[in-house]
Number of protein chains: 2
Amino acid sequence: MIRKMNSAEAGFQEALILLAFDNSTDTRVDAAVTEVLAAVRARGDAAVVEYTNRFDQLQAADIRALELPRAALEEALAVITPAQRQALETAAARVRAYHEKQLLESWSFAEADGTRLGQKMSPLDRAGLYVPGGKASYPSSVLMNAIPAKVAGVKELIMVTPTPRGERNPLVLAAAAIAGVDRVFTIGGAQAVAALAYGTQTIPQVDKIVGPGNAFVAEAKRRVFGTVGIDMVAGPSEVLVISDGTGEPDWVAMDLFAQAEHDEVAQAILLCTSDEFIAAVEASIARLLPQMPRHEIIAASLANRGALIKVGSLDEACEIANRIAPEHLELAIEEAEPWVEKIHHAGAIFVGHCSVESLGDYCAGPNHVLPTMRSARFSSPLGVYDFQKRTSIIHMSRAGAAALAPVAAELAYGEGLQAHAKSAEYRA
Amino acid sequence: MIRKMNSAEAGFQEALILLAFDNSTDTRVDAAVTEVLAAVRARGDAAVVEYTNRFDQLQAADIRALELPRAALEEALAVITPAQRQALETAAARVRAYHEKQLLESWSFAEADGTRLGQKMSPLDRAGLYVPGGKASYPSSVLMNAIPAKVAGVKELIMVTPTPRGERNPLVLAAAAIAGVDRVFTIGGAQAVAALAYGTQTIPQVDKIVGPGNAFVAEAKRRVFGTVGIDMVAGPSEVLVISDGTGEPDWVAMDLFAQAEHDEVAQAILLCTSDEFIAAVEASIARLLPQMPRHEIIAASLANRGALIKVGSLDEACEIANRIAPEHLELAIEEAEPWVEKIHHAGAIFVGHCSVESLGDYCAGPNHVLPTMRSARFSSPLGVYDFQKRTSIIHMSRAGAAALAPVAAELAYGEGLQAHAKSAEYRA
C-alpha cells in the first residue's frame, strides 16, 4: 500500500515529482470567495451574520451574539482536565521562551560626518488569528500562532473560529485564554477573513491575518493580501525521514503515521540507505497500522503520497531532501549532527532518533507553523518576526547631505527625474 | 490646483480617506495574465519567445536571442559617462555597506538536559529581479533590488527586463554589472514572471521574484505567490511631509514635486502647523512648477491626490501620519529627532530638513523599495532578510525527549491524533 522506490532506478526523478501536491485554485471556490469578500466589504456586520447563520447553521440575531465574552474563555479553562491544562501551560511556557529569542531589535549607526542611519522595529498594532472549527480545530495551533504575536508586542489579538451548529471546542478556548488572545468571534470561512481584513462596524480591521483554514479561507487570505498582511498559504503537511538504518523501525513507522493521520493528502516519505531497514519499517507499518484509530486516513495518505525510498548514500538523501524542501525533516541517524549543514531547504530539522516531529508539534518550543509545498526554498517558520516590522531611519547631517547631493542629482538626471535632482541639490 | 484642507474642519476624516488609492484588479488584466501564465507553464521557451515578439515588437528567432551576454553589461559600463559610473559606484557602495548590517545570523541555545534548539539562516539559492522597460526603467532600482540579494549570499541572480523595439537602457545594464547580476534576459510582462516562477527549458526556476512592474506584472506576481516567494505588491509612490513651519518653503515644494513627478497617481501631502508656511509653500509651488520639465505630470498628481493640510499640532500630525502609514515620511522640523518615536507606521522616516527623500532614493544607503498603500502597518522595506530564510533546529536529548513526551502525548490525545501521541511516547 505504501509505494517502494529506488533512487537508482530509471524514472525516479519523474516519479518523485508526481508525489508533489498540485495546489491550483478551484474556480467554484474562487467565485464564492469573490462574492463573500464583496458582501462583507459593502455591508459589514449584516453580511457576516447572514453568512455565518447560513454556513454554520446558527440563528444569531446580530453580531454581538457572535462574540465570546472573556468569561467563556475562563469557563473553558475550568472545563478541561487538570492534566490538559498543565500540558497546555507547559507547552505555552516553552513556546514563549523559545520565541523570546527571536525578537528583532532596532539598530543604527553614525557616520563620521554625523549622519545617522538605521532601522526601527515595531510590533503590529493588531493581528487576526484564524482557527478552524470541526475536525481540524487544534489548541496547539492557537498557542503557536498567538504566542509569537504576543511576544512581538501586538497590542490586540483577535481570534475567529467557526462553531458549526454551536459546537465549541473547550481546549481551543482554553488555549486562547492561556495564550492571551484579546477578543474571540465565533465566525469562520471567507466571511471571517473579510471581516478582519476590511473591518466592520463591530470587528476592527487588523494589520495581519495568520492561521490555517480550508480552501475558502486560503483563497480569501490570498485575495486580501496587500490590504492586510498574511502568513503563508499552507498546503498539506509533510514529513521526510532520512535514515541510516539505525534505530527502531517501529519509531520510524509511527513517525510516518503521525504525518499521514492528518488527512488523505498529507505526505510521509522515508529515505533510507538500508534495504533491510526499509523491509523492517514495512513490517512495522503492516503490524502497527490496524491498531491505529485513524488507520483509514493513514492508509489512504500513505497510498496516495507516501513512499519508502532506497538511496545510495546519506549524501544523496540530503540532495533529494533539498529538492523536496520538506516542511519537517527528521534525521533518524546515529550521528546526526554533522548532516544538519547539508540540509539547505526544510521548515524544521529534527536531529537524531529522539527528536521526533510530534514533540515539535506541541511543546519543544519552535513553531509548528512551517513552510509546505517546497516553499521552504524561500520562506521561514512562523515567528515573532512575522509580527514585527521595520521602518528605515535616515538622519542626514548637513555635511552628509551636501556630500551626497551631487551623487543623487547625477543619478536623478540620468533617470529623467529633475525634481528629485533639484530637491537633493537644495541640500548641497 | 493642490487642495487645501484643515484637520479641524468637519468631514476631514472622510476627505482624507478619499485620497487613498483603490488597488482593485482589472478583470481584463486578470484574464490576460491567466492565459500567459498557463501558456508559459505548458510550453516554456516557445511561449516566452512568442509573447515577447508580440508585446515588445521583436523578431527573436529563439530564446537564446533574448539572453544578454556578460559582454553587453561590460559594454554598457563603457557607454555611460564617467560621472554616471562614479555616481552608480558610490551609491552601490553605500547601499552595500548599509545592507551588510541587516544580515541575520543563525542562533541556538542549550537547555540543562542537553537539548539544543535554534534557527539556521540560509540565503535563497536563486532570485529573479524584474526591471521595467520604457519610462519607469530605473538603474537605482536595479541597485536597490540586486544588492540585498547579493549581500544575503544568493548564488544566482537573474534579471529580466523588456526591450520594446530593441531599445536597451545602458544605465540599467551598467547598474546590473555593478550590482553583480549573474544573467540577464530581455523579456518582460507576465511572461517573464511566469518563466522565472515555473522555469523553462532555458530560464531556470527561481525561489523568489522581486522588483516593480506594471499591472500585468503585479497580478502575475500575486498569482505565482506560493510557487515562488514575491516581494510586496507595490502601489503608487507616496510622501508625507510634516512641517513645524521652519525651513525653506521651496525645499518642501520641491520635495512634493519629486514625489508627484513619478506619475499621475503618486501622492504628495504636507501636514503643517502654520498657515503662513502653508501659504508660502503654495506660492513656491506656483513659482517653481512652470520651471519643471515634468510639470504636467506634477500638476496632475498634485491635483489628483495631493494636499496641503493645516493641523493643530505636531502630535496631531503624527496621529494622522500613523493612519496614512506613508511610504516616505519627512520630518521637516527644526528639532526633529524626538518626533521619530511618535511615528509607528511608515516605510522610511527622513529626519530633519537635510534628510530629503531623493537622497534616500539613490544613495543614503537604506533601501528605496518601501511599503506603499498603508502596508507599512505590517510590512518592511526590502532588505537582506528578504533573501534569507530560517530553518528551525530541534535536537532533543534523550532526557529532554523523555520529559516532554507526556506533555506532547496529552495534547495529541486531546486533538484526537493518536499516532502523534504514540510517536512521542516511544521516546519516553
Side-chain angles (χ1 to χ4, degrees), chain A residues 83-84 87 90 117 122 124 138 140 171 207-208 226 229 233 251 254-255 257-258 261 292-293 344 346 348-351 354-356 358-360 362-366 377-381 389-396 398 401 404 407-408 410-411 414-415 418-420 422-424 426-427, chain B residues 83-84 87 90 117 122 124 138 140 171 207-208 226 229 233 251 254-255 257-258 261 292-293 344 346 348-351 354-356 358-360 362-366 377-378 380-381 389-396 398 401 404 407-408 410-411 414-415 417-420 422-424 426-427:
Chain A
Q84 287 177 324
T90 301
L117 304 171
S122 325
L124 309 193
Y138 295 140
S140 57
L171 276 167
D207 301 304
K208 187 163 189 167
V233 175
W251 293 18
M254 195 58 70
D255 293 0
F257 288 0
E261 75 176 338
M292 305 310 301
H344 305 302
I349 303 175
F350 297 80
V351 188
C354 285
S355 301
V356 59
S358 71
L359 292 178
Y362 293 107
C363 55
R377 285 153 47 234
F378 53 84
S379 63
S380 299
K389 61 178 172 104
R390 300 161 169 95
T391 299
S392 297
I393 305 291
I394 300 172
H395 195 155
M396 304 298 297
R398 183 161 286 276
L404 288 183
V407 176
E410 179 70 40
L411 294 171
E415 293 182 352
Q418 298 87 359
H420 281 68
K422 282 270 176 244
S423 173
Y426 277 152
R427 274 77 174 185
Chain B
Q84 286 177 325
T90 301
L117 304 171
S122 324
L124 309 193
Y138 295 141
S140 56
L171 277 167
D207 301 304
K208 187 163 190 167
V233 175
W251 292 19
M254 194 58 70
D255 293 0
F257 288 180
E261 75 176 337
M292 305 310 301
H344 306 301
I349 303 176
F350 297 80
V351 188
C354 286
S355 301
V356 59
S358 70
L359 292 178
Y362 294 107
C363 54
R377 285 154 44 237
F378 53 83
S380 300
K389 43 125 180 158
R390 300 162 169 95
T391 298
S392 297
I393 305 290
I394 301 172
H395 194 155
M396 303 300 295
R398 182 161 287 275
L404 288 183
V407 177
E410 178 72 39
L411 294 171
E415 293 182 353
L417 298 175
Q418 298 87 358
H420 281 68
K422 282 274 177 240
S423 173
Y426 277 152
R427 274 79 175 183

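Letters A, B, ... mirror the listed sequences (proteins, then strands); counts begin at 1. The structure displayed is predicted, hence computed values, not measured ones.
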Notebook entry, point to check: Donor-acceptor pair, B:Glu261 side chain versus A:Ala419 backbone, under 3.5 Å?
Noted result: yes
Checklist line | Top contributor to chain A contacts, counting heavy-atom pairs under 4.5 Å, from B:Leu171, B:Thr391, B:Val351, B:Thr90 | finding: B:Val351
Notebook entry, point to check: So how far is it from B:His395 NE2 to A:Ile349 CD1, rounded to the nearest 0.5 Å?
Noted result: 12.0 Å
Check: Looking at A:Ala83, A:Ser122, A:Gly360, which has the largest count of heavy-atom pairs under 4.5 Å with chain B?
Finding: A:Ala83
Next item on the list: Provide the closest heavy-atom pair for A:Tyr426 versus B:Trp251 in the form atom of the first, atom of the second, distance.
Entry: O-CZ2, 3.3 Å
Check: OG of B:Ser140 to CG of A:Leu411: how many Å apart, nearest 0.5 Å?
Finding: 7.0 Å
Check: If we ignore angles and hydrogens, is there a donor and acceptor under 3.5 Å between the side chains of A:Glu410 and B:Tyr362?
Finding: no
Margin query: For a 4.5 angstrom cut-off between non-hydrogen side-chain atoms, does A:Phe378 reach B:Lys389?
Written below: no
Check: Can you name the side-chain contact (heavy atoms from CB on, under 4.5 Å) partners of B:Ala364, sequence neighbours left out?
Finding: A:Ile394, A:Met396, B:Pro366
Note to self: Between B:Cys354 and A:Arg398, is there a side-chain heavy-atom distance shorter than 4.5 Å?
What the structure shows: yes
Margin query: Does A:Lys422 have more than 12 heavy atoms from other residues, nucleotides or ligands lying within 6.0 Å of its NZ?
Written below: no
Next item on the list: Between chain B and each of A:Ala87, A:Gly414, A:Gly226, count heavy-atom pairs under 4.5 Å; write down the option with the most.
Entry: A:Ala87
Margin query: Between the side chains of B:Arg427 and A:Asp255, is the shortest nitrogen-to-carboxylate-oxygen separation below 4.0 Å, so that they form an ion pair?
Written below: yes
Next item on the list: Between chain B and each of A:Ile393, A:Asp207, A:Leu359, count heavy-atom pairs under 4.5 Å; write down the option with the most.
Entry: A:Asp207
Notebook entry, point to check: Counting heavy-atom pairs under 4.5 Å to chain B, which of A:Ala424, A:Ser358, A:Ser392, A:Ala401 comes out on top?
Noted result: A:Ser392
Margin query: Rounded to the nearest 0.5 Å, what separates atom NE2 in A:His420 from atom CE in B:Met254?
Written below: 12.0 Å
